[in-house]
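Scroll down for the structure; my scribbles are underneath it.
Computation of the quantities below employed the complete heavy-atom set of this structure, encompassing side-chain atoms and omitting hydrogens, waters and symmetry-equivalent molecules. Throughout, a chain's letter reflects where its sequence line sits, starting with A, and its residues are numbered from 1. In this text, all values refer to a predicted model and were calculated from it rather than measured experimentally.
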Amino acid sequence: MIKITLPDGAVREYEKGTSALQIAQSISEGLARNVLSAKVNGEVWDATRPINSDASLQLLTWNDADGKETMWHSSAHLMAEALEALYPGVKFGIGPPIENGFYYDVDLGEHTLSPDDLPKVEKKMLELAQQKNVYNRKEVSKKDAIAYFQEKGDEYKLDLLEDLADGSITFYEQGKFTDLCRGPHIPNTGFIKAVKLLNIAGAYWRGDETKKQLTRIYGITFPKQKELDEYLVMLEEAKKRDHRKLGRELDLFTFSDKVGMGLPLWLPAGAALRERLQNFLQKAQVKAGYLPVVTPHIGNKQLYITSGHYEKYGKDSFQPIRTPQEGEEFFLKPMNCPHHCEIYKSRPRSYKDLPIRFAEFGTVYRYEQSGELHGLTRVRGFTQDDAHLFCRPDQVKEEFCKVIDLVLYVFRALGFENYTAQISLRDKVDRAKYIGTEENWNKAEQSIIEAAAEKGLKTVIEYGEAAFYGPKLDFMVKDAIGRKWQLGTIQVDYNLPERFELEYTGSDNQKHRPVMIHRAPFGSMERFVAVLIEHCAGKFPLWLTPEQVAILPVSDRFNDYAHSVLEELKNSDIRGYVDDRSEKVGKKIRDNELKKVPFMLIVGEEENASRTVSVRKQGETGGDQGKMSISDFAALINREVNERLASIK
RNA sequence: GCCGCUGUAGCUCAGUGGUAGAGCACUUCCUUGGUAAGGAAGAGGUCGGGGGUUCAAUUCCCCCCAUCGGCUCCA
């Protein structure tokens with residue numbers, strides 16, 4: 001008999017060799033029907049795999065991330081089976097589960113596959129799924145595994161096998177398909193009830209562009225058709241929120257081939273939004289002791305030789321600008337830190353001066369490969385909400401705490417309620433690639449972990465993800481429809497202070513090297529605005545939105561009154577405009593609804609006579625909120641704006 | 001940069017081996033209206049660019065360019 005410990009602490013006894021699925025059946029038949037896989041002593045196993053010794057056990061269902069992963073991994077195998085049935089001779093690369101679904105990289109040989117072919121594959125997958133084929137785990141020797149794939153002629157699997165140790169190789173087999181796979185898998189294909197293949201893309205074998213390009217097919221599956229339908233609705237919603245589409249519809253920004261790809265042009269409404277965001281952060285930063293600085297858009301080659309960026313990125317970057325007479329070389333600045341280091345060096349610093357915090361909304365230019373450009377999220381010219389903190393090693397933790405406060409303030413102000421932090425530390429083993437002393441690294445890593453814990457952040461620690469110059473903390477937010485974005489970042493840097501020979505005089509009258517911290521709560525204005533647009537679907541918070549009210553005269557006769565209302569509102573710092581086109585109110589309401597202006601004020605005979613406005617709120621059908629005096633309306637708006645900003649302090 | 005899809009009016013999109021169409025937007029006129037589209041007329045396109053096949057190419061072929069979906073990269 002073996003002892004099985006369940007998550008609630010209960011211990012049950014079973015025959016040796018009992019599987020998780022059988023244990024589930026002993027608890028409840030309904031539970032057993034939903035078990036996809038199981039966590040045995042912290043490791044995810046097939047639910048059908050016999051357990052031979054005492055173990056802790058957690059049954060995994062569709063409600064567990066690991067359960068979903070198992071399902072999608074099995075779905076990749078199912079897709080492979082379907083592809084093999086439809087396109088004999090197809091070869092397979094890798095087919096892992098991903099955050100939303102799975103993919104499989106395949107070599108179709110003579111065949112080609114277009115999106116039009118996907119429904120056919122989906123149909124085949126469902127057909128195979130209904131056979132409820134069991135996923136059989138089989139341990140094989142390396143020799144047999146190689147023989148199998150040699151016979152099959154699948155060089156990719158053979159390539160993978162080279163890296164695997166004999167004795168640890170397993171095959172999974174379902175229906176007519178056998179794959180080299182570590183597993184685990186769901187009990188049988190019958191769990192897969194709904195299938196959608198989403199898109200096709202090229203992907204190099206092992207991500208190496210010198211190797212052959214395979215066809216990557218992305219898909220997702222669900223245990224219920226309804227869940228697939230909901231997922232598809234979510235995708236539709238994401239499409240509607242696409243910042244590139246909304247950016248055009250709301251006249252926020254545009255691109256021009258003549259100006260150059262990846263170089264956004266901010267239209268008046270977008271510029272207003274962006275400027276408001278900047279002012280908001282600037283104000284918070286000044287309050288937090290930051291010192292705004294301004295630096296030019298180009299820097300001498302020498303600056304980047306000193307910083308080390310020239311060596312690392314020089315050839316891949318934009319080419320230098322040369323002065324006509326002297327032939328001096330300048331680069332468009334790809335980051336602000338070297339300039340800020342020189343500001344630090346502009347005079348001797350004392351330990352009493354630290355920390356020093358230089359902040360700049362600095363526009364930088366980076367060469368991004370053409371295929372990588374994407375709306376505002378991936379551009380060649382963008383403005384960072386940058387700042388560099390120079391401090392003593394013993395101040396790192398406190399500075400981190402302060403930056404975390406600032407970042408969370410920003411998130412709350414903009415309605416990002418759902419966020420996590422990723423702490424990136426050194427690789428646990430390989431430490432050769434990191435610059436800086438062991439002592440400083442340990443101190444900084446510890447400081448970050450403590451600061452995050454003190455601020456109650458939900459964190460994940462990733463080893464080996466630190467930059468060569470220091471550990472970092474990145475913020476990931478979840479937007480209104482559940483997508484994750486990486487926004488703010490805080491990074492420790494030991495490299496630049498060294499390279500620029502930054503110093504301060506300590507209380508011991510000796511020279512010391514300051515620690516530098518890069519940080520950007522937004523990341524970049526461009527990326528942040530893009531995420532914000534998609535998060536709020538273009539309906540910006542009242543304090544931020546480019547236009548707060550649209551005044552709609554019922555007929556031309558009331559245009560004068562409408563303009564006088566606007567003047568009065570402007571005096572109360574409210575932003576708006578009069579829609580004085582010769583159109584019917586219904587038309588004006590529709591157009592302004594689509595522009596997502598938060599408030600519409602309808603004015604006509606009655607309002608003119610009583611010096612009032614009829615208020616309509618955006619997004620509420622039949623949204624007439626009744627009449628109100630102009631000053632009451634102004635007070636209403638200002639109260640809403642101030643309360644919102646005051647409540648998040 | 002690589003692979004694949006796409007490229008027709010400002011936007012969304014039809015369509016054809018015989019040099020083009022709709023809706024919205026725009027302009028003008030009529031209409032002066034009460035909570036999500038009033039009516040009429042007009043203007044607007046070297047059908048992404050270049051080359052080829054053809055009597056004739058927006059349509060077929062090739063090469064570029066750009067978009068989109070991925071890959072790779074990301075100070």
Side-chain angles (χ1 to χ4, degrees), chain A residues 93 98 103 105 108 112-116 198-218 239 242 244-245 248-249 251 254-258 260-262 304 307-314 316-317 331 333-338 364-375 378-380 382 384 386 467-470 486 489 491 493 495-496 518 550 552-559 580-595 600-607 614-627:
Chain A
I98 51 176
Y103 67 80
D105 285 346
L108 291 155
T112 55
L113 192 73
S114 85
D116 300 334
L198 297 158
N199 50 44
I200 300 178
Y204 298 106
W205 173 236
R206 302 210 141 176
D208 181 343
E209 64 181 280
T210 64
K211 300 226 166 86
K212 184 163 180 189
Q213 181 141 358
L214 307 179
T215 305
R216 177 168 296 180
I217 306 168
Y218 286 87
K239 229 187 235 173
D242 190 317
R244 293 165 297 182
K245 179 172 134 76
R248 189 166 44 233
E249 285 172 7
D251 290 317
T254 189
F255 289 90
S256 149
D257 289 347
K258 271 212 183 76
M261 54 168 149
Y304 301 111
S307 72
H309 292 108
Y310 180 77
E311 192 191 359
K312 195 155 186 223
Y313 298 103
D316 304 328
S317 195
F331 282 90
K333 72 173 170 190
M335 80 299 294
N336 304 300
C337 16
V364 298
Y365 300 88
R366 297 179 186 176
Y367 173 74
E368 300 286 358
Q369 298 187 95
S370 58
E372 191 51 42
L373 301 173
H374 180 93
R378 209 56 201 267
V379 289
R380 285 179 172 172
F382 58 96
Q384 294 177 312
D386 212 355
F468 75 92
Y469 51 80
Q486 195 214 304
T489 178
Q491 309 187 2
D493 189 338
N495 183 43
L496 288 181
H518 310 250
L552 318 183
V554 164
S555 92
D556 293 353
R557 283 163 45 223
F558 308 108
N559 283 355
D580 54 11
R581 297 172 302 163
S582 254
E583 295 288 352
K584 298 174 77 161
V585 234
K587 169 76 165 166
K588 291 185 189 180
I589 286 170
R590 177 180 160 77
D591 289 349
N592 287 287
E593 278 287 342
L594 293 177
K595 281 162 88 178
M600 274 170 265
L601 302 179
I602 287 91
V603 296
E605 186 71 54
E606 304 158 28
E607 290 80 5
S614 284
V615 180
R616 182 191 166 96
K617 241 184 151 160
Q618 198 273 345
E620 294 175 16
T621 39
D624 188 352
Q625 314 262 300
K627 284 189 192 42

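A distance-only check finds no donor-acceptor pair linking the side chain of A:K588 to the backbone of A:V554 [under 3.5 Å]. Checking side-chain atoms of A:R380 against main-chain N and O of A:E368 turns up a donor-acceptor pair under 3.5 Å. One N or O on the side chain of A:E607 and one on the backbone of A:G604 form a donor-acceptor pair closer than 3.5 Å. Looking only at distances, a side-chain donor or acceptor of A:E593 sits under 3.5 Å from a matching main-chain atom of A:G619.
Across the P atoms, B:A36 and B:C29 are found 28 Å apart, a figure rounded to whole Å. B:G17 and B:C60 are spaced 8 Å apart, taking the P atom of each and rounding to whole Å. Distance noted for atom C1' between B:G45 and B:G49: 15 Å (whole Å). Distance noted for atom C1' between B:A25 and B:C11: 7 Å (whole Å). Comparing the P positions of B:C5 and B:G69 gives an interatomic distance of 16 Å, to the nearest angstrom. Nucleotides B:U8 and B:C13 have their C1' atoms positioned 9 Å apart, rounded to a whole Å. Separation of the C1' atoms belonging to B:A9 and B:U58 is 14 Å when rounded to the nearest angstrom. Using atom P as the reference point in both B:U19 and B:A57, the two lie 11 Å apart (nearest Å).
Across all strands shown, A:R380 has no heavy atoms under 4.0 Å from either base or sugar-phosphate atoms. Among the atoms of the strands shown, only primed sugar atoms or phosphate atoms (P, OP1, OP2) are found under 4.0 Å from some heavy atom of A:N199. Among the heavy atoms of the strands lying under 4.0 Å from A:V554 is at least one base atom, whether or not backbone atoms are also near. Contacts of A:M261 with the nucleic acid, taken as non-hydrogen atoms under 4.0 Å apart, involve only primed sugar atoms and P, OP1 or OP2. Among the protein residues, A:E607 comes within range of the nucleic acid bases, having at least one heavy atom under 4.0 Å from a base atom. Among the heavy atoms of the strands lying under 4.0 Å from A:E606 is at least one base atom, whether or not backbone atoms are also near.
The distance between atom CD1 of A:I217 and atom C1' of B:G69, rounded to the nearest whole Å, is 14 Å.
Here the closest non-hydrogen pair linking A:C337 and A:H518 is SG-CE1, 3.4 Å. The minimum heavy-atom distance linking A:G93 with A:L214 is given by the pair CA-CD1, 4.4 Å.
Within the 4.5 Å cutoff, the side chain of A:T215 has no heavy atoms near those of the A:D105 side chain. Counting heavy atoms from C-beta on, the side chains of A:D242 and A:R248 never come closer than 4.5 Å. Two residues are said to be in side-chain contact when any heavy atoms from C-beta on lie closer than 4.5 Å; A:R616 and A:I602 meet this criterion.
Dashed line: the shortest gap from a side-chain N or O of A:Y218 to OP1 or OP2 of B:C71 is under 4.0 Å. Close to B:G70, at under 4.0 Å from its OP1 or OP2, lies no side-chain N or O of A:H374.
Under the 3.5 Å distance criterion, with hydrogens and angles disregarded, a donor-acceptor pair is assigned to the side chains of A:D386 and A:N336.
Side-chain atoms of A:E368 and base atoms of B:G1 include no donor and acceptor less than 3.5 Å apart. For A:R216 against B:C3, a side-chain-to-base donor-acceptor contact under 3.5 Å is absent. Applying the 3.5 Å distance criterion, the base of B:U32 shares no donor-acceptor pair with the side chain of A:R557.
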Would A:V364 and A:Q384 count as a side chain to side chain contact (heavy atoms under 4.5 Å, CB included) here? Give the steps.
CA-CA 7 Å; A:V364 298; A:Q384 294 177 312; 3.9 Å; yes
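Between A:R581 and A:S614, the residue anchored nearer the 5' end of RNA chain B, judged by the nucleotide with its closest heavy atom, is A:R581. Both A:H518 and A:G619 sit near RNA chain B, but only A:G619 has its closest nucleotide nearer the 5' end.
Distance from the side chain of A:R244 is smallest for B:C68 among the nucleotides B:C68, B:A75, B:U35.
Ring geometry, A:Y103 versus A:Y218: the interplanar angle falls from 30° to 60°, so the pair is classed tilted. Note: A:F331 and A:Y304 have perpendicular aromatic rings, judged against thresholds of 30 and 60 degrees for the angle between ring planes.
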Given Watson-Crick or G-U pairs with both distances under 3.5 Å, what dot-bracket string fits RNA chain B, with | for other-strand pairs and [ ] for crossing?
((((.((..((((....[..)))).(((((.......))))).....(((((..]....))))))).))))....
All N/O contacts under 3.5 Å from nucleotides 37-46 of chain B to the protein, with atom names and distances to one decimal?
residue : atom : partner : partner atom : Å
B:A37   : N7   : A:R590  : NE           : 3.4
B:A37   : N6   : A:R590  : NH2          : 2.5
B:A37   : N1   : A:R590  : NH2          : 3.1

Taking only nitrogen or oxygen atoms into account, show me every contact under 3.5 Å that the protein makes with nucleotides 7-14 of chain B, one pair per line with its distance.
residue : atom : partner : partner atom : Å
B:U12   : OP1  : A:R248  : NH2          : 3.0

